[in-house]
Structures are given as C-alpha cells and as structure tokens.
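Here the structure comes first, spelled out in structure tokens, and everything after it is commentary.
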Amino acid sequence: MKTAINNGKIIEYYYDDYPYPSCLILGYNTNNKIIHIVCGVSEDTVHMITAYYPNTDKWEEDMKIRRKKQ
C-alpha cells in the first residue's frame with residue numbers, strides 16, 4: 001500500500017473533508033493492479049482512510065475519471 005501511495009497520482013481532492021482534507025490516489029499494488037486509495041492529510045501525517053479496486057462501471061477505462069451518472 002505504501003508503494004502505491006508513494007508512487008501514485010492524486011486524481012481527486014476533497015478539501016472540505018473532516019477532520020482533515022483528503023485526496024484520492026490512483027496507484028498500483030505489488031501485482032501491478034490499479035488501486036484507489038483515499039488519504040487524509042494532517043500537518044505531518046498521512047492517514048489512509050480506505051482502499052479499493054476500481055471498476056469500469058463507475059470509472060472510465062483509465063480509472064482516473066468518474067463516469068457520468070445516467
């Protein structure tokens with residue numbers, strides 16, 4: 001998980017999240033599978049909130065852009 005966070009790319013920001021602003025990171029696990037990780041960021045700590053494997057029902061093929069609800 002740490003590698004996915006360190007080498008991943010922030011694809012969404014959630015500035016108003018409580019208790020800390022957070023972001024969605026697109027990274028890769030040790031099997032090179034795409035994973036999304038939501039992290040909150042305090043002054044000196046990154047808090048991992050959740051992680052999941054995205055699917056194309058909710059995300060475009062690049063897994064960076066949410067599909068529009070129909």
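On a predicted model such as this, the values are computed, not experimentally measured, just so you know.
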Discussion item. Is it the case that atom OH in Tyr14 sees more than 12 heavy atoms from other parts of the structure closer than 6.0 Å?
Written reply: yes
Discussion item. Applying a strict under-4.5 Å side-chain criterion to I, L, V, M, F, W and Y, I'd like to know whether Leu24 and Tyr53 cluster together.
Written reply: no
Item to complete: List the atom of Asn55, the atom of Met63, and the distance in Å for their closest heavy-atom pair.
Response: C-CE, 3.9 Å
Discussion item. For a 4.5 angstrom cut-off between non-hydrogen side-chain atoms, does Val38 reach Glu12?
Written reply: no
Practice prompt. Starting from the C-alpha separation in whole Å, work towards a yes-or-no answer on side chain to side chain contact (heavy atoms under 4.5 Å, CB included) for Trp59 and Ile34.
Written response: CA-CA 12 Å; Trp59 295 90; Ile34 291 176; over 6 Å; no
Side-chain donor-acceptor pairs of residues 15-22 under 3.5 Å, sequence neighbours excluded:
unit_1 : atom_1 : unit_2 : atom_2 : d
Asp17  : OD2    : Ser22  : OG     : 2.3

Practice prompt. Look at the side chain of Asn31 and the backbone N and O of Lys33, then say whether any donor-acceptor pair between them is shorter than 3.5 Å.
Written response: no
Discussion item. Would you say that Asn29 contacts Met1 through its side chain, given a criterion of any heavy-atom pair below 4.5 Å between the two side chains?
Written reply: no
Can you give me every donor-acceptor pair (side chain of residues 44-52, partner residue at least two apart or in another chain, under 3.5 Å) with its distance?
unit_1 : atom_1 : unit_2 : atom_2 : d
His47  : NE2    : Ser42  : OG     : 3.2
Tyr52  : OH     : His36  : ND1    : 3.0

Worksheet entry | Spatial distance of atom CD1 (Ile37) from atom CD1 (Ile5) [nearest 0.5 Å] | 4.5 Å
Worksheet item: Which atoms form the tightest heavy-atom contact between Cys23 and Ile10, and what is the distance?
Response: CB-CG2, 3.8 Å
Worksheet item: Between CD1 of Ile11 and NZ of Lys64, what distance do you get to the nearest 0.5 Å?
Response: 8.5 Å
Worksheet item: Rest of the hydrophobic cluster containing Val41 (Ile/Leu/Val/Met/Phe/Trp/Tyr, side-chain heavy atoms under 4.5 Å)?
Response: none
